[in-house]
Novice: 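My questions will all concern the structure given below.
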Amino acid sequence: MRYHPHTEDEIHEMLQVAGARSLDDLFRSIPEPLRLKRLLQVPPALDEIALFAEMRRLAGKNQTEHPPFIGAGAYPHHVPPVVDQLLLRGELFTAYTPYQPEVSQGTLQALFEWQTFVCLLTGMEVANASMYDGASATAEAALMAARLTGRKKLVVSAAVHPEYRRVLATYLASTGDEVVTVPFGADGRTDLGALARVVDGDTAAVVMGYPNFLGVVEPLGEAAALARKAGALSIAVTAEAVAFGMLKGPGELGVDVAVGTFQSFGNSLGYGGPAPGFFATSQQNIRQMPGRLCGATVDKQGRRGFVLTLSTREQHIRREKATSNICTNAGLAALASTIHLALLGRRGLADLARLNYERARLLRDAMKRAGFGLAFSGPTFNEMAFEVGDAEAVVARLARKGVAAGVPLGRFFPGEPRLRGALLCVATELHTPELIELFARDVRN
Amino acid sequence: MRYHPHTEDEIHEMLQVAGARSLDDLFRSIPEPLRLKRLLQVPPALDEIALFAEMRRLAGKNQTEHPPFIGAGAYPHHVPPVVDQLLLRGELFTAYTPYQPEVSQGTLQALFEWQTFVCLLTGMEVANASMYDGASATAEAALMAARLTGRKKLVVSAAVHPEYRRVLATYLASTGDEVVTVPFGADGRTDLGALARVVDGDTAAVVMGYPNFLGVVEPLGEAAALARKAGALSIAVTAEAVAFGMLKGPGELGVDVAVGTFQSFGNSLGYGGPAPGFFATSQQNIRQMPGRLCGATVDKQGRRGFVLTLSTREQHIRREKATSNICTNAGLAALASTIHLALLGRRGLADLARLNYERARLLRDAMKRAGFGLAFSGPTFNEMAFEVGDAEAVVARLARKGVAAGVPLGRFFPGEPRLRGALLCVATELHTPELIELFARDVRN
Amino acid sequence: MANPTGWKPSMEAEAAARTFDVGAGGATRGIAYEEKLLFERGSAGGRSGVSLPAPSGRADPRDELPAELLRAEIAELPALGELEVVRHFTRLSAWNHGIDTGFYPLGSCTMKYNPKSSEALARLPGFANAHPLLPAELAQGSLELMYQLERALSEISGFPATTLTPAAGAQGELTGVMMIRAYHVARGNPRKKVLIPDTAHGTNPATCALNGYEVVQLASGADGRLHPETVRAAMDEDVAAIMITNPNTLGIFESHIAEIAAVVHAKGGLVYGDGANLNALLGVARPGDMGFDVMQFNLHKTFATPHGGGGPGSGPVAVSENLIPFLPLPQVVKEGEHYRLVTEDRERPQSIGKVREFHGNFGMFVRALALIREYGPEGLRATGQLAVLNANYVRARLKDVYDLPYETDSLHEVVFTDKALKPTGVTTMDVAKRLIDHGFHPPTVYFPLVVHGALMIEPTETETKETLDRFVDGMRQVAEQAKTDPEGVKAAPLKSVRARLDEVRAARKPILRWRPGMKVE
Amino acid sequence: MANPTGWKPSMEAEAAARTFDVGAGGATRGIAYEEKLLFERGSAGGRSGVSLPAPSGRADPRDELPAELLRAEIAELPALGELEVVRHFTRLSAWNHGIDTGFYPLGSCTMKYNPKSSEALARLPGFANAHPLLPAELAQGSLELMYQLERALSEISGFPATTLTPAAGAQGELTGVMMIRAYHVARGNPRKKVLIPDTAHGTNPATCALNGYEVVQLASGADGRLHPETVRAAMDEDVAAIMITNPNTLGIFESHIAEIAAVVHAKGGLVYGDGANLNALLGVARPGDMGFDVMQFNLHKTFATPHGGGGPGSGPVAVSENLIPFLPLPQVVKEGEHYRLVTEDRERPQSIGKVREFHGNFGMFVRALALIREYGPEGLRATGQLAVLNANYVRARLKDVYDLPYETDSLHEVVFTDKALKPTGVTTMDVAKRLIDHGFHPPTVYFPLVVHGALMIEPTETETKETLDRFVDGMRQVAEQAKTDPEGVKAAPLKSVRARLDEVRAARKPILRWRPGMKVE
Ligand SMILES: Cc1ncc(COP(=O)(O)O)c(C=O)c1O
Ligand SMILES: Cc1ncc(COP(=O)(O)O)c(C=O)c1O
């Protein structure tokens with residue numbers, strides 16, 4: 001049998017050594033009535049050739065020929081093929097959490113580099129070894145804020161990614177924490193006036209998108225200052241981390257916690273996962289952080305090396321007192337980001353951000369020529385919402401051509417008729433000027 | 001610039017150290033009139049995204065959706081994806097000829113394993129570290145036979161792969177060696193009577209296909225005995241090495257030299273290359289073998305290790321007295337075969353051969369039901385020629401459907417009108433019973 | 001030109017001549033490379049390892065974006081070419097032990113072979129380039145795959161339905177306990193407590209705490225099992241659920257599970273199954289048939305998706321009928337030949353909502369389904385059987401040398417202790433480190449907590465008898481060396497690029513990122 | 001349980017504590033694994049690492065094939081699972097130094113970075129699954145690619161036409177000399193001799209011999225160059241051609257090439273260019289503009305296709321007008337927008353015929369064209385310039401410590417000797433082996449033959465100044481150590497999995513394959 005290396009003789013011999021009469025006999029500790037008396041009803045075994053044929057059939061049913069014009073939390077970017085070739089080195093991708101640092105220095109040093117990249121891009125002081133995704137990172141940030149402040153009110157901008165807000169709500173359902181949502185204005189920015197009105201002495205944290213779900217760049221510094229004044233933490237949420245190549249890190253703007261996903265670096269869209277969530281904050285909060293942390297130390301001979309550290313925060317030591325229940329995280333996805341960021345480097349990241357910015361301007365101009373204006377007046381990076389009339393109809397029409405046109409904002413804000421015509425679109429380095437031109441024309445007819 | 005890591009400052013500093021005023025100045029030893037005064041007229045640089053788009057455009061112009069029914073020297077087989085993942089380990093694929101054995105034991109041990117695989121499959125005593133391809137291996141075998149026997153006549157079966165025979169002719173054009181071709185009979189086997197008539201005291205070697213180009217399995221032992229009686233060497237040529245999973249190795253049949261390609265193991269079709277040529281013979285001929293040889297030895301501390309050996313045969317030592325001019329060979333392609341054979345192992349190779357044999361029988365039966373008989377009556381392995389009327393027309397018609405139908409034998413034997421209707425087809429583990437059925441029907445209408 | 005480390009070549013020559021012992025797992029010494037941090041390589045000039053279309057420079061961000069939000073290049077980022085990056089990670093990788101390097105019997109983690117074919121499949125462009133918000137018409141392949149996987153996992157676990165969305169085992173637990181809570185809330189009272197045996201993995205209590213439940217720890221018996229009377233004594237109407245790992249983290253089947261479930265159910269509680277150890281039961285028994293109401297899978301364990309140096313995982317959760325209304329979103333449904341995602345609360349008003357953005361770790365779904373399809377019914381059963389055989393073989397071959405704290409039958413893993421080594425002063429940690437010099441990844445150590453000095457060995461079904469024999473040799477040699485040369489054991493590891501690391505120092509003065517000029521020495 | 005090697009753990013501990021010097025190239029020691037030969041793992045049972053449809057067993061080969069040709073399973077083949085095979089090659093790979101591991105300044109071999117993107121491109125299904133005998137309609141992509149590459153190579157080399165078909169540099173030489181022969185034959189006399197300078201690579205004389213030509217070796221001058229008078233003295237009407245490598249294997253440009261070509265042409269001879277060193281000239285000068293009539297490329301050198309542990313290569317040959325009729329087959333032609341292969345002699349009656357089955361190493365064509373397209377005109381020129389810059393930088397930084405046999409300007413590589421180390425007894429081979437302990441692949445040694453104790457260093461353009469600086473440090477440290485501790489140098493390498501190997505023994509008692517029971521000790 002595939003991947004089972006046992007020969008009949010070996011099975012026989014091993015059973016004897018183990019003192020069992022048969023393979024079934026090995027399971028004598030399972031009471032008879034609890035055993036399965038039949039084979040599992042899963043489809044019959046496929047050989048590798050048939051398996052590939054079947055999987056190709058499925059992959060072929062997806063229509064992904066052109067880069068989608070959809071962002072909305074997952075961004076189509078070019079992943080240099082070298083990333084994958086390094087990622088597939090078995091020593092890296094078949095290891096697990098580096099519990100034994102002497103044989104895990106590869107994973108550990110890469111994690112330390114990941115943490116540093118997250119800090120440099122977000123402008124924060126410390127970062128952890130990755131989170132499941134941006135949404136749960138946001139929820140964990142809110143929980144940390146509640147722990148740190150001892151308060152129970154979370155003030156969340158309505159322009160934070162709706163899926164992140166849903167996950168936050170799920171996480172908070174059982175804690176008794178309260179979520180207050182603050183609306184955004186016609187410019188797509190969070191209404192700072194409204195924010196000021198709800199942030200108070202009970203507020204644990206203010207949560208803002210950066211750029212927000214509408215593609216708009218928020219006045220993050222002002223929101224952070226507002227939170228600070230009330231003794232609350234500020235949390236910035238970033239799903240399109242390429243923006244950090246152009247926009248200041250939240251840490252530079254006085255934010256306390258930066259979370260989100262680095263999917264844009266090194267990770268394909270992959271129908272939504274895996275991708276590495278990140279979590280960064282200031283030094284003073286490290287003992288309340290969730291997740292694994294990699295730290296530098298020395299070995300017995302004084303040579304620098306890396307270990308997982310501060311594990312007294314974690315479930316395997318602290319159990320019900322742990323700062324979170326995270327065990328397995330998004331290691332390999334974080335490694336992919338680390339490799340991609342290593343390749344990009346200082347200039348590459350800036351160039352990539354600039355290129356995304358420019359392509360989005362090409363999109364804006366092309367859409368304008370096609371007769372579609374912007375839904376929001378606020379500043380944007382590589383994503384923006386257009387007024388296209390009936391957004392759902394446009395999406396359905398373009399889908400029939402195999403084009404993924406963007407997402408209708410109305411879907412996420414059913415209560416807001418003003419957003420019925422808004423189509424959220426992205427343009428990245430993958431969207432060539434020709435493709436953008438074509439797209440704008442397709443949207444029109 | 002891509003792959004050029006130099007910064008402007010570094011270039012400046014390095015020029016200074018090197019005592020040059022400019023990059024141009026580094027070339028002062030090239031007389032002015034010999035320098036190129038303009039840029040090369042190649043297309044402008046592409047970034048990686050554009051490069052991939054362009055290459056995908058080209059790859060997309062090939063129609064390769066279904067496995068071709070063509071063998072004829074290159075065989076469509078399933079290469080397990082694990083082969084590629086191991087092959088792409090940088091330590092292996094970015095090393096070169098293992099001149100420095102202490103840092104090349106990986107390449108060297110793998111070569112030793114390759115040589116052993118070649119010996120085990122061919123039944124020969126020794127094998128070299130690979131040849132360019134099957135055709136040049138055949139030519140080099142003929143040259144070796146001429147050196148060993150001091151004779152100048154090569155007797156070659158007309159059923160040896162026509163391209164191999166053309167290469168042999170090219171190689172021999174300048175040596176004054178003579179090639180005599182022996183016809184094959186209605187059974188597709190070499191005419192042993194004719195062979196007996198031309199093999200004589202001037203004959204250096206007899207060259208036979210195994211299986212031959214027509215897919216037919218030759219009476220190799222008898223041909224070898226015939227050669228031996230005349231003091232000539234016998235050379236067996238194998239392009240479909242999967243046959244060795246079912247057929248005795250040439251060495252077991254008294255053959256002196258076995259050559260051909262192991263493309264079928266681990267190497268994709270790749271429009272014809274690279275693929276590893278092999279060269280195996282008996283111990284007594286080792287000092288006349290072409291190409292690199294890997295041998296076992298010990299290190300200073302008595303541990304087993306491997307080195308390139310018997311290099312006194314080779315061009316870098318013996319120069320014009322060398323047994324061949326081969327330097328770079330087909331290392332990585334040989335490694336791919338080695339990995340694939342390691343995976344197959346004893347049972348896997350036998351099963352694969354059996355499966356190919358069975359699929360070819362399905363093809364034969366399906367073609368028969370469609371009204372097409374065999375062109376030759378001799379025994380076959382996984383390849384056979386069918387009588388289809390106008391073979392060129394069939395190929396052209398199926399090409400319009402995107403199906404690669406086989407090769408018309410008439411193309412290779414223009415002098416033989418009896419072969420006008422013969423279409424040489426293969427069936428391997430990639431040709432499912434359904435695909436075979438469909439194909440036979442396609443050939444009919 | 002003197003070597004700054006003070007080391008002398010003649011010493012090296014001498015030393016090298018003496019250090020080619022070969023461990024039971026083949027370990028010897030060879031060249032490795034020291035490698036600075038990426039950031040220590042400097043960021044001179046504009047060197048980069050990517051090839052992008054040049055920005056036109058036409059649209060100026062300063063025209064649109066507030067000046068106070070714009071940043072210059074990040075000075076501390078590295079500036080490396082592609083080759084340098086390749087060498088960096090190639091060299092780093094050589095410092096790691098992975099399954100592909102050698103035996104990795106890390107108990108509770110099911111370190112089985114990760115098929116390379118799955119990597120190729122997950123990278124098929126149709127999967128890799130699919131945006132999670134594609135219109136359903138453009139994503140029928142992904143949806144069908146998810147549907148197939150959901151069906152297969154439900155059948156394998158014996159439950160009617162499964163959600164694929166949780167990102168790892170612990171998030172699966174969280175999701176499961178959320179559903180339990182929602183179930184109780186729907187019945188008017190979330191209840192207060194969750195019962196958890198003392199053998200449980202740390203994620204179990206941590207999960208309950210996240211859900212606002214108080215954890216009541218139950219003592220397992222002298223046979224390593226949880227006993228119905230223990231549960232009965234703790235069970236009341238404040239108890240929302242019990243969380244049980246079966247087989248438990250001692251590798252022992254909780255044979256009273258049916259009775260325990262009955263006790264809990266009788267008081268209106270639910271039974272959560274931590275499915276991390278499902279490998280032991282594949283095709284042999286099903287949690288859904290034992291009284292469990294809900295369980296999580298760890299696809300990265302049981303279904304061989306790569307552990308990736310710590311993740312990503314995937315933690316689908318299977319539920320019984322009574323919990324179906326509470327399943328998180330999205331859910332894939334098949335309507336005729338068409339597949340569709342249910343994403344909105346209005347279609348599933350009792351759903352706990354979303355626990356992850358989008359749909360889960362789809363890349364892991366591809367790999368898990370590939371394995372299930374490749375194995376089929378017989379292969380899945382053989383997986384469970386051979387995993388258990390391997391563990392029992394190791395157990396039988398080591399129990400005369402290492403202390404076995406429980407004589408009870410083992411399933412897929414076996415836990416030893418360092419008790420027999422006590423007189424030598426050699427501890428579980430020392431044994432673990434010395435195994436490194438033999439060429440093995442150490443077992444899980446000091447877990448489960450109920451066992452003092454635990455060495456938890458889970459070989460998995462993908463290992464040969466030959467490998468197990470070598471590992472047994474290594475374990476026995478270490479035990480022997482503990483008697484004759486305990487200091488030698490305590491000095492281990494000697495062959496790895498780093499000796500034992502100072503973990504206390506790491507925690508006392510946490511250095512969690514590089515900063516310019518950083519020195520750790 | 002005693003260790004059979006007689007080695008004692010305490011020795012190991014002591015030794016390990018002392019051996020963590022770090023070489024100039026970063027080399028230290030870490031875990032490596034001894035690994036038996038595949039065949040030494042036994043072939044028990046029917047274990048296999050592949051997954052194939054089961055043979056139905058219906059068609060019995062004995063019914064059709066002669067019994068005397070049928071074989072049973074080959075008993076000595078291994079029987080391993082996929083994981084075992086993965087570990088085997090993963091472990092073996094760690095014993096190798098590749099470009100991806102570290103600096104690899106192997107002179108004459110142009111060990112530049114092999115772009116990973118090229119590997120992805122060559123594996124696009126449209127290329128990988130194309131059968132070489134596909135009808136032209138189904139292979140337009142391959143054909144267009146070949147056409148584009150042929151055009152680009154012709155432009156780069158300055159010749160009107162190029163054949164892609166030869167499988168490596170040496171086969172390119174063979175093809176070139178065959179064309180030269182055919183050219184002379186067409187003029188009634190194949191002639192007898194070929195002139196070859198003493199700096200030439202071994203393949204040049206070997207190639208001539210294969211073509212039935214007598215080799216006349218020409219002495220290069222004190223400046224490392226071939227002089228016109230030397231050629232004039234040797235040139236007569238029996239000389240078919242001269243073979244010149246430019247820059248030559250000393251890295252020196254043959255600046256008299258135009259005059260030499262004139263001398264040879266005047267007597268009816270042709271000028272063959274060994275293009276192995278083309279990297280030095282990319283975009284800067286073209287052999288076709290210097291009087292050469294024909295030259296081979298080494299795509300695996302100049303165009304970065306992977307060296308693959310010894311190959312495959314690709315050796316296209318460019319020719320001047322007068323040789324076009326003799327080009328081998330196949331040739332790609334463009335007819336309108338359609339591409340087609342000319343394969344038959346009847347279309348090219350003067351062609352030398354075929355030198356390789358099918359069309360050449362197409363996989364290398366993809367990679368080479370990818371590089372050319374990625375670089376464009378400026379990038380190609382920068383390649384030549386920076387390759388030469390790197391070599392000259394190393395030369396300048398080492399010439400005070402190592403003997404430079406020729407003061408003449410270097411282009412892409414520089415040759416030193418061990419002369420300055422003479423008093424210490426340390427030789428070129430010792431320097432090479434000691435560089436291994438520093439973490440570098442040694443340069444090419446003892447070639448070209450005209451230089452006693454040659455150390456031939458070719459850094460290539462893809463290496464950073466930082467790497468060159470470290471290499472220079474390493475070279476200087478070795479020279480220094482040669483003085484203070486020559487035995488330490490001669491004991492090298494100390495860090496690799498194997499110490500120096502007994503090559504004499506290997507050649508005296510050749511063991512070229514495994515056999516059951518084989519022992520090498
Ligand atoms: C018994 C047990 N339960 C739960 C978990 C948590 O699973 P994950 O790491 O996927 O979150 C683990 C993983 O180590 C485990 O071993
Ligand atoms: C100068 C020179 N000429 C010719 C060759 C032969 O090329 P190949 O190895 O590709 O056959 C080489 C390769 O090493 C070389 O360095």
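If you're wondering where the values come from, they're calculated on a predicted model, not measured in any experiment. Reminder, nothing fancy here: chain letters follow the sequence lines and each chain counts from 1.
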Novice: Measure distances from C/Q140 to the heavy atoms of chain A and classify the residue's part below 4.5 Å as side chain, backbone, both or neither.
Specialist: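 For C/Q140, backbone and side chain are both near chain A.
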Novice: What part of C/I252 lies closer than 4.5 angstrom to a heavy atom of chain A: side chain, backbone, both or neither?
Specialist: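 Interface part for C/I252: neither.
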Novice: Given a strict heavy-atom distance threshold of 4.5 Å, which part of C/R356 is in contact with chain A: side chain, backbone, both, or neither?
Specialist: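 It is both, since atoms from each part get that close.
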Novice: Name the region of A/A322, side chain, backbone, both or neither, that has any atom closer than 4.5 Å to a heavy atom of chain C.
Specialist: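 For A/A322, side-chain heavy atoms alone lie under 4.5 Å from chain C.
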Novice: Sequence neighbours left out, what passes side chain to side chain donor-acceptor pair (under 3.5 Å) with A/S29? Give chain and number order.
Specialist: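 Partners of A/S29 by the side chain to side chain donor-acceptor pair (under 3.5 Å) criterion come out as none, since no residue qualifies.
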Novice: Return the option, out of C/A122, C/P190, C/P66, C/A139, with the maximum number of heavy-atom pairs under 4.5 Å with chain A.
Specialist: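 Between C/A122, C/P190, C/P66, C/A139, the count favours C/A139.
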Novice: Pick from A/A350, A/A74, A/A135: which one has the most heavy-atom pairs with chain C under 4.5 Å?
Specialist: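 So the answer, after comparing A/A350, A/A74, A/A135, is A/A74.
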Novice: Which atoms of A/T328 come close to chain C, meaning under 4.5 Å heavy atom to heavy atom: side chain ones, backbone ones, both, or neither?
Specialist: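 Contact with chain C is through both the backbone and side chain of A/T328.
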Novice: Counting only heavy atoms closer than 4.5 Å, note whether A/R35 contacts chain C via side chain, backbone, both or neither.
Specialist: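 Backbone plus side chain of A/R35, per the 4.5 Å heavy-atom cut-off to chain C.
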Novice: Salt bridge between A/R318 and A/E314, side-chain N to carboxylate O under 4.0 Å?
Specialist: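 So A/R318 does not pair with A/E314 through a salt bridge.
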Novice: Are A/H4 and C/Y375 linked by a side-chain donor-acceptor pair shorter than 3.5 Å?
Specialist: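 Judged by distance alone, the side chains do pair up.
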Novice: Is C/P125 close to chain A through its backbone or its side chain, or both, or neither, when contacts mean heavy atoms under 4.5 Å?
Specialist: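 For C/P125, the backbone is the part near chain A, not the side chain.
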Novice: Check A/L269 against A/P76 and note the closest heavy-atom contact, atom names and distance.
Specialist: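 Of all heavy-atom pairs spanning A/L269 and A/P76, the closest is CD2-N, 3.8 Å.
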Novice: Who wins among C/P328, C/G376, C/C109, C/A209 for the most heavy-atom pairs under 4.5 Å with chain A?
Specialist: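 Ranked by contacts with chain A, first place is C/G376.
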Novice: Can you tell which part of C/Y393 gets under 4.5 Å to a heavy atom of chain A, answering side chain, backbone, both or neither?
Specialist: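 It is both, since atoms from each part get that close.
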Novice: Going by distance alone, is a donor N or O of one side chain under 3.5 Å from an acceptor N or O of the other, for C/T203 and A/Q315?
Specialist: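 There is no such pair (donor and acceptor under 3.5 Å, judged by atom type) between the side chains of C/T203 and A/Q315.
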Novice: Between C/F127 and A/Y271, is the ring centre distance below 6.0 Å?
Specialist: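 No, the ring centres sit 6.0 Å or more apart.
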Novice: Heavy-atom pairs under 4.5 Å with chain C - which of A/H316, A/E13, A/H161 has more of them than the others?
Specialist: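 It is A/E13.
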Novice: Less than 6.0 angstrom separating the ring centers of C/F447 and C/H201, yes or no?
Specialist: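 Yes; C/H201 has its ring centre under 6.0 Å from that of C/F447.
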Novice: For the residue pair C/P53 and A/L355, establish whether any side-chain heavy-atom pair is separated by less than 4.5 Å.
Specialist: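 Yes, side chains in contact.
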Novice: Any salt bridge between C/K465 and A/E10, counting N to O under 4.0 Å?
Specialist: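 The answer is no: the pair does not qualify as a salt bridge.
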Novice: Could you check whether A/R2 and C/T462, counting side-chain N and O atoms only, form a donor-acceptor pair closer than 3.5 Å?
Specialist: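 Absent: no donor and acceptor within the cut-off.
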Novice: Most heavy-atom pairs under 4.5 angstrom with chain C, which of A/G402, A/A342, A/A404?
Specialist: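 So the answer, after comparing A/G402, A/A342, A/A404, is A/A342.
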Novice: Using non-hydrogen atoms and a 4.5 Å limit, figure out which bit of C/L69 sits close to chain A: side chain, backbone, both or neither.
Specialist: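 For C/L69, backbone and side chain are both near chain A.
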Novice: Check whether A/P68 gets within reach of chain C through its side chain, its backbone, both or neither, counting any heavy atom under 4.5 Å.
Specialist: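 Just its side chain gets close to chain C.
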Novice: Side chain, backbone, both or neither: which part of A/R361 has a non-hydrogen atom closer than 4.5 Å to chain C?
Specialist: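 It is the side chain, since no backbone atom gets that close.
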Novice: What part of C/P135 lies closer than 4.5 angstrom to a heavy atom of chain A: side chain, backbone, both or neither?
Specialist: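 Side chain of C/P135 only, per the 4.5 Å heavy-atom cut-off to chain A.
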Novice: Can you tell which part of A/L121 gets under 4.5 Å to a heavy atom of chain C, answering side chain, backbone, both or neither?
Specialist: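 Both parts, heavy atoms under 4.5 Å.
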Novice: Specify which of C/T444, C/N298, C/T383, C/T408 makes the most heavy-atom pairs with chain A at under 4.5 Å.
Specialist: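 The residue among C/T444, C/N298, C/T383, C/T408 with the greatest pair count is C/T383.
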Novice: Under a 3.5 Å threshold, yes or no: a donor from one side chain and an acceptor from the other, between A/T116 and C/R513?
Specialist: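 No - no donor-acceptor pair under 3.5 Å links their side chains.
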Novice: Who among A/P33, A/A127, A/P44, A/P43 has the most heavy-atom pairs with chain C under 4.5 Å?
Specialist: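 If we count pairs closer than 4.5 Å to chain C, A/P43 comes out on top.
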Novice: Is it the side chain or the backbone of A/L15 that comes within 4.5 Å of chain C heavy atoms, both, or neither?
Specialist: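 Both parts, backbone and side chain.
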Novice: Answer with side chain, backbone, both or neither: which region of A/Y164 has an atom nearer than 4.5 Å to a non-hydrogen atom of chain C?
Specialist: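 Looking at A/Y164, just its side chain touches chain C.
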Novice: Which atoms of A/E252 come close to chain C, meaning under 4.5 Å heavy atom to heavy atom: side chain ones, backbone ones, both, or neither?
Specialist: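 The answer is the side chain of A/E252.
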Novice: Within the 3.5 Å criterion, strictly below it, is a donor on C/N96 or A/S104 matched to an acceptor on the partner's side chain?
Specialist: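 A/S104 and C/N96 do not have a side-chain donor-acceptor pair below 3.5 Å.
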Novice: Between C/E155 and C/R286, does at least one N-O distance fall below 4.0 Å, as a salt bridge requires?
Specialist: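 Salt bridge between C/E155 and C/R286, a charged N being under 4.0 Å from a carboxylate O: yes.
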Novice: Please rank C/G283, C/A54, C/S56 by heavy-atom pairs under 4.5 Å with chain A and give me the top one.
Specialist: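 Of the options given, most contacts go to C/S56.
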Novice: Do C/R123 and A/D84 meet the salt-bridge criterion of a basic N to acidic O distance under 4.0 Å?
Specialist: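 Salt bridge between A/D84 and C/R123, a charged N being under 4.0 Å from a carboxylate O: yes.
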Novice: Against chain C, work out which of A/L344, A/L352, A/L293 has the most heavy-atom pairs shorter than 4.5 Å and name it.
Specialist: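 That would be A/L344.
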Novice: Go through the atoms of C/M290 and report whether side chain, backbone, both or neither lie under 4.5 Å from a heavy atom of chain A.
Specialist: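 Answer is both: backbone and side chain atoms of C/M290 are under 4.5 Å from chain A.
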Novice: Answer with side chain, backbone, both or neither: which region of A/V307 has an atom nearer than 4.5 Å to a non-hydrogen atom of chain C?
Specialist: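 Interface part for A/V307: side chain.
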Novice: Pick one of side chain, backbone, both or neither for A/T380, based on which atoms fall under 4.5 Å of a heavy atom in chain C.
Specialist: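 Both the backbone and the side chain of A/T380 come within 4.5 Å of chain C.
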Novice: Are C/R500 and A/E102 ion-paired here, with the side-chain N under 4.0 Å from a carboxylate O?
Specialist: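 Answer for the salt bridge query: no.
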Novice: Do you know which of C/L386, C/L124, C/I156 has the most heavy-atom pairs under 4.5 Å to chain A?
Specialist: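 Among C/L386, C/L124, C/I156, the one with the most close pairs to chain A is C/L386.
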Novice: Can A/S136 and A/D133 be counted as having a side-chain donor-acceptor contact under 3.5 angstrom?
Specialist: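 The answer is yes; a qualifying pair exists.
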Novice: Heavy-atom pairs under 4.5 Å with chain C are the metric here; pick the option from A/F112, A/F52, A/Y99, A/F244 that has the most.
Specialist: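 Heavy-atom pair counts peak at A/F112.
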Novice: So what's closer than 4.5 Å to chain C heavy atoms on A/V407: side chain, backbone, both or neither?
Specialist: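 It is the side chain, since no backbone atom gets that close.
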Novice: Give, as side chain, backbone, both or neither, the part of A/Y357 having an atom under 4.5 angstrom from any heavy atom of chain C.
Specialist: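 Contact with chain C involves the side chain of A/Y357 alone.
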Novice: Highest number of heavy-atom pairs under 4.5 Å with chain A: which of C/N392, C/L121, C/T464?
Specialist: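 Between C/N392, C/L121, C/T464, the count favours C/L121.
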Novice: With a 4.5 angstrom heavy-atom cut-off, is it the side chain or the backbone of C/L210 that approaches chain A, or both, or neither?
Specialist: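 Looking at C/L210, backbone and side chain both touch chain A.
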Novice: Using non-hydrogen atoms only, which part of A/I339 is less than 4.5 Å away from chain C: side chain, backbone, both, or neither?
Specialist: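 Both backbone and side chain.
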Novice: In terms of side-chain heavy atoms, does C/S142 have a donor or acceptor partner in A/N62 at a distance below 3.5 Å?
Specialist: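 Yes - a donor-acceptor pair under 3.5 Å links their side chains.
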Novice: Side chain to side chain donor-acceptor pair (under 3.5 Å) with C/H88: which residues, sequence neighbours excluded?
Specialist: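 C/H88 satisfies side chain to side chain donor-acceptor pair (under 3.5 Å) with A/E113, C/E35 once adjacent residues are dropped.
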Novice: Looking at C/E144 and A/K61, does any basic side-chain N land under 4.0 Å from a carboxylate oxygen?
Specialist: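 Salt bridge: yes.
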Novice: Please determine whether a side-chain nitrogen of the Lys or Arg among A/R57 and A/E54 lies less than 4.0 Å from a carboxylate oxygen of the Asp or Glu.
Specialist: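 Yes, this pair counts.
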